[in-house]
Amino acid sequence: MKKIIAIGGGEIGRPGVKNETLAVDREIIKLSGKENPKFLFVPTASGDAAGYIASVENHFGKKLGCKIDTLELIAKKYTKKELEDKILKTDIVYVGGGNTLKMMKLWRKFGVDVLLEKAMKNGIVLSGLSAGSICWFKYGNSDSARFGKNKAASMIRVKGLNFISALHCPHYDIEKGREQSLKEMMKKNTGVAIAIDNCAALEIVGDQYRILKSKKTANLYKVYWKGGKYFREIVLAKKGYQPLKDLLSA
């Protein structure tokens with residue numbers, strides 16, 4: 001059964017920075033069905049940043065009791081068997097933020113995309129924030145072009161794994177230009193976009209969904225064009241799960 005938690009963004013607790021996603025992080029662990037689950041951190045988008053890895057080990061490991069492993073595609077070399085064991089023998093996959101475009105290219109190069117699809121079909125919890133939320137969708141509104149010399153580059157559409165049939169925009173409330181960029185991007189795209197504020201998340205279990213929050217004011221939005229008109233709808237967080245098809249249809 002498909003189990004995905006895509007988080008719009010938020011701090012997990014770097015040194016000197018308060019954690020913002022604790023309530024959602026606990027739901028990731030709860031969805032695994034285990035008290036001390038095996039937890040695979042995938043920091044590809046950050047270039048396997050050592051500080052990021054240390055923060056995840058501290059937060060999800062020391063504080064929340066997960067058994068942490070890390071998939072460092074850039075820093076280390078793995079055999080096909082080693083990749084399979086890491087991805088298919090864990091309870092939770094958590095993908096970190098960073099350069100989505102670079103991450104997706106590396107995943108496809110090493111076959112990580114195929115293994116993650118197997119993990120999804122096996123009921124392993126797939127989660128993450130920013131680049132780690134975009135990756136589960138068909139497309140994403142990404143700032144990947146800004147990781148080069150042009151820090152003012154426009155947002156670009158990046159192709160994800162298509163486990164969720166929609167375009168996704170993270171950091172919707174925090175990053176300047178995201179809202180307008182998504183509006184323009186969706187004018188050229190059919191279907192809907194799911195925009196998620198920092199400290200909000202979309203949880204999918206099978207063919208149903210619900211909205212998670214670690215901050216009351218954080219929201220999830222459905223964005224689309226229909227009949228030449230632009231729609232931006234707040235999706236209300238309700239008790240219990242709702243039909244996913246209703247969320248993903250205009």
Side-chain angles (χ1 to χ4, degrees), residues 2-46 48-71 90-98 100 119 123-137 164 168-175 178 194-205 208-221 234-242:
K2 182 186 293 183
K3 297 177 182 178
I4 299 175
I5 295 183
I7 311 166
E11 293 286 348
I12 66 164
R14 292 175 291 137
V17 180
K18 186 180 179 181
N19 175 279
E20 298 176 323
T21 61
L22 181 59
V24 177
D25 299 338
R26 284 179 171 152
E27 289 298 327
I28 292 173
I29 296 168
K30 186 177 178 181
L31 190 56
S32 76
K34 297 183 179 180
E35 189 174 342
N36 303 107
K38 295 177 183 176
F39 183 104
L40 180 66
F41 179 45
V42 185
T44 315
S46 68
D48 293 344
Y52 201 171
I53 294 169
S55 294
V56 166
E57 289 175 341
N58 182 61
H59 177 57
F60 283 101
K62 293 178 182 178
K63 292 182 180 178
L64 297 179
C66 295
K67 301 168 186 175
I68 307 295
D69 189 15
T70 307
L71 180 64
T90 190
D91 300 308
I92 297 168
V93 172
Y94 183 97
V95 180
T100 310
I124 293 169
V125 177
L126 305 178
S127 61
L129 54 75
S130 193
S133 58
I134 286 177
C135 62
W136 313 121
F137 287 78
I164 306 169
H168 170 50
C169 178
H171 308 299
Y172 193 62
D173 61 330
I174 295 295
E175 293 188 354
R178 283 276 187 182
I194 303 301
I196 308 179
D197 291 344
N198 276 23
C199 302
L202 173 65
E203 177 183 359
I204 294 174
V205 178
Q208 298 184 308
Y209 83 93
R210 66 173 177 154
I211 297 166
L212 305 174
K213 298 185 181 186
S214 57
K215 185 173 71 174
K216 287 185 179 180
T217 55
N219 288 308
L220 182 147
Y221 304 80
I234 293 178
V235 182
L236 298 177
K238 300 177 181 179
K239 288 185 178 180
Y241 291 90
Q242 306 299 316

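Values in this document were obtained by computation on a predicted structure and should not be read as measured data.
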Once rounded to the nearest 0.5 Å, what's the spacing between atom [atom1] of [X] and atom [atom2] of [Y]?
X      : Y      : atom1 : atom2 : value
Leu22  : Asn19  : CG    : CG    : 5.0 Å
Cys66  : Leu40  : SG    : CG    : 11.5 Å
Glu175 : Asn198 : CD    : CG    : 7.5 Å
Ile29  : Glu27  : CD1   : CD    : 10.0 Å
Ile28  : Leu212 : CD1   : CG    : 8.5 Å
Lys3   : Ser127 : NZ    : OG    : 12.5 Å

Of all the heavy-atom pairs spanning [X] and [Y], show the shortest one and how long it is.
X      : Y      : answer
Ile68  : Val56  : CD1-O, 4.4 Å
Ser133 : Ala6   : CB-CB, 3.6 Å
Gly132 : Cys135 : O-SG, 3.7 Å
Lys213 : Ala23  : O-CB, 3.8 Å
Val93  : Thr90  : CG2-CG2, 3.8 Å
Pro37  : Ser32  : CB-OG, 3.5 Å

Evaluate the criterion ring pair (Phe, Tyr, Trp, His ring centres under 6.0 Å) for residue pair Phe60 and Phe41; output intermediate values, then yes/no.
-> CA-CA 10 Å; Phe60 283 101; Phe41 179 45; 8.3 Å; no
Answer yes or no: is there a donor N or O on one side and an acceptor on the other, between the side chain of Asn219 and the main chain of Ile234, under 3.5 Å?
->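 Here the side-chain-to-backbone pair does not exist.
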Where the side chain of Glu11 meets the backbone of Val17, is there a donor-acceptor pair that is under 3.5 Å apart?
->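 No: the side chain of Glu11 does not pair with the backbone of Val17.
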Please test Tyr241 against Tyr209 for ring pair (Phe, Tyr, Trp, His ring centres under 6.0 Å), starting from the C-alpha separation and ending with a verdict.
-> CA-CA 5 Å; Tyr241 291 90; Tyr209 83 93; 8.5 Å; no
Is a salt bridge present between Glu203 and Lys30, judged by a nitrogen-to-oxygen distance below 4.0 Å?
->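 Salt bridge absent between Glu203 and Lys30.
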Could you tell me whether Lys34 and Asp91 make a salt bridge, using a distance below 4.0 angstrom between a side-chain N and a carboxylate O?
->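 Yes, charged N to carboxylate O under 4.0 Å.
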Checking side-chain contact (heavy atoms from CB on, under 4.5 Å) for the pair Ile164/Ile4: CA distance, chi angles, key distance, verdict?
-> CA-CA 9 Å; Ile164 306 169; Ile4 299 175; 4.0 Å; yes
For Ile7 and Ile196, what are the C-alpha separation, side-chain angles and deciding distance, and is it a side-chain contact (heavy atoms from CB on, under 4.5 Å)?
-> CA-CA 7 Å; Ile7 311 166; Ile196 308 179; over 6 Å; no
Give the intermediate values and the outcome of side-chain contact (heavy atoms from CB on, under 4.5 Å) for residues Leu126 and Trp136.
-> CA-CA 8 Å; Leu126 305 178; Trp136 313 121; 3.8 Å; yes
Which residues satisfy the salt bridge (Lys or Arg N to Asp or Glu O under 4.0 Å) test with Asp173, sequence neighbours excluded?
->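 With neighbours one apart ignored, the set is empty.
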Would one find more than 12 heavy atoms of other residues, nucleotides or ligands at under 6.0 Å from atom NZ of Lys2?
->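 Yes.
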Side chain proximity check, [X] to [Y], heavy atoms < 4.5 angstrom:
X      : Y      : result
Leu202 : Ile5   : no
Ile12  : Leu129 : yes
Lys63  : Asn58  : yes
Leu220 : Ile194 : yes

Apply side-chain contact (heavy atoms from CB on, under 4.5 Å) to the pair His59 and Asp25, showing each step before the final yes or no.
-> CA-CA 9 Å; His59 177 57; Asp25 299 338; 2.7 Å; yes
Please work out whether the ring planes of Phe137 and His168 are parallel, tilted or perpendicular, with thresholds of 30° and 60°.
->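 Parallel.
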